[in-house]
Amino acid sequence: MVNRVKLFRVEKNLSQKRLAELVGVTRQTIGLIEKDQYNPTLHLCLQICYQLDKTLDQVFWIDQAEAQKIEKS
């Protein structure tokens, strides 16, 4: 999954730990999401977006060409 969690988290001056506290997960979970090593639920994605003042599309959306590249790798 391509995401921009880290980019928007840093823009809001939030640490991984603080964002994790706000959305009810561990700091490690946020780190794994940022490294694309954890696939969060839709509910968690929404909670992250609310805290970052961004839409789901802004944080997690990938276009069809990007998705096809990921599927082939």
Table please: side-chain donor-acceptor pairs of residues 10-20 below 3.5 Å, with sequence neighbours left out.
residue, atom, partner, partner atom, Å
K12, NZ, D53, OD2, 2.6
S15, OG, K17, N, 3.4
S15, OG, R18, N, 2.9
Q16, OE1, R27, NH1, 3.2
Q16, NE2, E34, OE1, 2.8
R18, NH1, E21, OE1, 3.2

When rounded to the nearest 0.5 Å, the distance separating CG of L42 from CZ of F60 is 9.5 Å
Show me the donor-acceptor pairs, under 3.5 Å and distance only, between side chains in residues 44-52 and residues at least two apart or in other chains.
none

Checking side chain to side chain contact (heavy atoms under 4.5 Å, CB included) for the pair I30/Y38: CA distance, chi angles, key distance, verdict? CA-CA 9 Å; I30 297 298; Y38 180 83; over 6 Å; no
Can you name the nearest heavy-atom pair linking F8 to Q58, along with the distance? CE1-O, 3.4 Å
Does atom NZ of K54 have more than 12 heavy-atom neighbours, drawn from other residues, nucleotides or ligands, at distances under 6.0 Å? yes
